[in-house]
Amino acid sequence: MIEVIEPATEEVLAEVPRAGADDVDAAVSRAREAFPAWRAIAPAERAARLHSLADALAAGQEELARLEARNAGKPICDARGEMDMVAATFRYYAGAPERLLGETIPVAGGQALTVREPLGVVGLIVPWNFPLLIASWKLAPALAAGNTVVLKPAELTPLTALKFEQIAAAAGIPDGVVNVVAGPGSVVGQRLVEHPDVAKIAFTGSTEVGRSIAAAAAQTIKRVTLELGGKSPNLVFGDADLEAAASSAPMAVFGNAGQDCCARSRILVQESVLDQFMSLLEHAVASVRVGDPLQDDTQMGPLISEGRREAVASFVNGDAPIAIRGHAPEGPGYWFPPTVLCPVDPASRLAREEIFGPVAAVIPFSDEEEAIRLANDTIYGLSGSIWTRDGARALRVARAIDTGVLSINSNTSVRVATPFGGFKQSGYGRELGPHALDAYTEVKSIYYATDG
Ligand code: NDP
């Protein structure tokens with residue numbers, strides 16, 4: 001059995017059966033059997049089933065949010081927002097089956113046309129930081145395009161995925177179309193990646209595991225999309241609305257206790273306004289409410305595990321230039337206080353490695369050229385923010401930064417209708433928006449000879 005721990009109390013929240021490689025094989029064969037009928041279902045009917053699923057997810061929102069908040073240790077308000085987006089994601093992709101359009105292409109002697117075909121059985125491997133949310137970004141376009149799926153949640157947070165499997169069945173998704181296997185990545189995840197009947201793996205998690213998945217998938221030429229780590233820059237220019245930049249900077253890195261691949265964990269501040277920015281930031285950090293995830297006004301909960309807390313603490317050792325420290329509860333729970341380090345040497349581990357905890361590194365810069373150079377001085381390229389009142393600079397810098405997602409005078413990265421994904425070692429492929437469907441379909445070109 002898997003003992004599922006509640007990070008805010010360190011107590012056992014639930015026990016669920018631990019799946020093994022045989023369970024993966026059984027799930028893949030169920031998904032394979034269900035595939036021909038699911039791909040053949042009339043597009044409007046597939047759309048209707050996905051709308052029913054979105055309705056059922058919306059109806060179960062509060063129960064799912066509480067389960068996610070307790071299992072992942074995230075504030076209930078965040079969990080509710082995530083469950084809203086889960087339902088909205090299914091609603092958005094319910095529009096897709098009838099809009100998977102092809103092309104006609106002028107050629108000699110006949111007619112050429114393209115159609116989009118589903119891939120078959122798709123394996124989805126997701127992490128513990130946004131368990132059902134990240135799963136929905138993969139599930140909804142995969143199912144809309146006519147694929148069947150095997151979903152592997154992280155062992156730390158399997159509960160909402162298992163609940164989702166029941167909700168999908170009750171909402172009229174046919175048997176075998178959605179299969180959930182909860183078990184260790186090194187066994188269950190690896191078997192999915194190696195399984196010859198799995199056509200594609202969609203993965204979110206660490207760059208290290210992503211690399212091993214890409215290598216293993218090469219054996220069967222599996223399609224792979226990877227959403228990996230990040231060390232995203234938050235650029236604050238001297239001409240920015242400093243109050244807005246400083247008041248929103250804490251939650252851009254401490255949200256989800258910093259366990260967010262989009263966390264703006266490098267705050268790059270123009271030297272001319274550094275002192276002013278730091279004093280505004282200090283007030284903002286002091287007001288972050290850290291505590292019981294089930295309280296409506298909590299903004300930050302505990303880390304996911306003791307291992308994660310130790311990993312984060314290893315960055316904030318004796319030498320770290322601690323400039324601001326927030327509060328965190330004492331006692332049981334994997335708590336870690338919001339922490340701001342300044343000034344951080346751009347060559348140091350603090351500036352280069354993904355900490356994945358509530359720790360921000362402030363790095364001063366002198367001018368626009370240096371800001372761009374520092375922002376790009378990383379193996380990652382997921383997201384970032386630019387704060388300035390100069391519109392031309394905002395667009396110039398946005399074009400110069402090598403990340404898949406950027407926001408200007410805002411710290412948001414994710415919307416149902418817009419593509420999300422990374423440059424460089426943050427991965428490849430795009431989720432969400434119209435682009436995600438490309439990752440769950442193959443283009444087929446058909447030529448029909450018309451000349452007698
Ligand atoms: P992992 O990459 O190990 O886990 C992500 C998922 O992959 C989990 O479901 C895990 O299963 C599974 N997995 C692990 N090993 C394999 C494998 N060999 N084959 C197939 N699947 C596998 O992330 P961690 O939980 O270890 O976190 C480590 C670091 O990764 C974090 O500190 C952070 O830097 C980064 N990370 C980034 C995330 C993002 O959103 N981009 C999300 C999570 C982590 P299981 O856990 O059940 O063993």
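Just follow the structure's listing: the first ligand is 1, and inside any ligand the first atom is 1. No hydrogens, no waters, no symmetry mates; every other heavy atom, side chains included, goes into these values.
Here Arg116 does not pair with Glu442 in a salt bridge; the nearest charged N to carboxylate O distance is not below 4.0 Å. Taking a cutoff of 4.0 Å between a charged side-chain nitrogen and a carboxylate oxygen, Arg32 and Asp25 do not qualify as a salt bridge. Under 4.0 Å is where a charged nitrogen must lie from a carboxylate oxygen, and between Lys231 and Glu354 no such pair does. The residues Glu194 and Arg191 are annotated as not salt-bridged, no charged nitrogen and carboxylate oxygen being separated by less than 4.0 angstrom.
The shortest heavy-atom distance from Gly427 to ligand 1 is not under 4.0 Å. In this structure, Gln259 falls outside the shell of residues with a heavy atom less than 4.0 angstrom from ligand 1. Distances shorter than 4.0 angstrom occur between a heavy atom of Phe203 and an atom of ligand 1.
Against a heavy-atom cut-off of under 4.0 Å, Ile125 is close to the following atoms of ligand 1: 6 (C), 7 (O), 9 (O), 12 (C), 20 (C), 21 (N). Listed by number with element, the atoms of ligand 1 under 4.0 angstrom from any heavy atom of Cys261 are 39 (C), 40 (O), 41 (N). Short contacts between ligand 1 and Glu227, defined as distances under 4.0 Å to a heavy atom of the residue, involve ligand atoms 41 (N). Residue Arg308 has at least one heavy-atom neighbour below 4.0 Å for each of these atoms of ligand 1: 32 (O). Those atoms of ligand 1 with a heavy atom of Gly183 less than 4.0 angstrom away are 47 (O).
By the criterion of a heavy-atom distance under 4.0 Å, the backbone of Val126, and not its side chain, is placed next to ligand 1. Looking at Leu228 against ligand 1, only its backbone comes within 4.0 Å, counting heavy atoms.
In terms of protein heavy atoms, atom 40 (O) of ligand 1 is closest to Asn129 ND2, 3.1 Å. For atom 11 (O) of ligand 1, the closest non-hydrogen atom on the protein side is Lys152 NZ, 3.0 Å. Distance from atom 34 (O) of ligand 1 to its nearest protein heavy atom, with residue and atom name: Glu354 OE1, 2.5 Å.
Side chains of Asp84 and Gln61: a donor on one and an acceptor on the other come within 3.5 Å. Using modelled atom types and a 3.5 Å distance limit, the side chains of Ser385 and Arg264 yield a donor-acceptor pair. Thr403 and Lys424 are not linked by any side-chain donor-acceptor pair at a separation below 3.5 angstrom, with hydrogens and angles left out of the test. Side-chain polar atoms of Thr207 and Gln425 form no donor-acceptor pair below 3.5 angstrom. Side-chain atoms of Ser232 and Ser383 include a donor-acceptor pair closer than 3.5 Å. For Thr339 and Arg325, the side-chain atoms include at least one donor-acceptor pair closer than 3.5 Å. Side chains of Asn411 and Ser248: a donor-acceptor N/O pair is present below 3.5 angstrom, by distance only.
In terms of polar-atom proximity, Val209 is not counted as a contact of ligand 1, lacking any N or O under 3.5 Å from an N or O of the ligand. Considering both main-chain and side-chain atoms, Gly189 never comes within under 3.5 Å of ligand 1 through any nitrogen or oxygen pair. Geometrically, ligand 1 and Pro127 share no nitrogen or oxygen pair separated by less than 3.5 Å. Polar contact check, Thr204 against ligand 1: no nitrogen or oxygen pair lies under 3.5 Å apart. Inclusion of Glu155 in the set of residues having an N or O under 3.5 Å from an N or O of ligand 1 is warranted.
Under the 4.0 Å distance rule, the nearest protein heavy atom to atom 4 (O) of ligand 1 falls outside the cut-off. At a distance under 4.0 Å, no protein heavy atom can be found next to atom 26 (O) of ligand 1.
Cation-pi geometry between Arg349 and Phe315 is met: under 6.0 angstrom from the ring centre, within 45 degrees of the axis.
Comparing Phe356, Trp128, Phe130 by heavy-atom distance to atom 38 (C) of ligand 1, the nearest is Phe356. The residue from Ser212, Gly185, Ser206 that puts a heavy atom closest to atom 30 (O) of ligand 1 is Ser206.
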Given the rule in the side chain to side chain contact (heavy atoms under 4.5 Å, CB included) test, do Phe356 and Arg308 qualify, once you have shown the distances and angles that lead to the verdict?
CA-CA 8 Å; Phe356 229 58; Arg308 182 99 301 274; 3.2 Å; yes

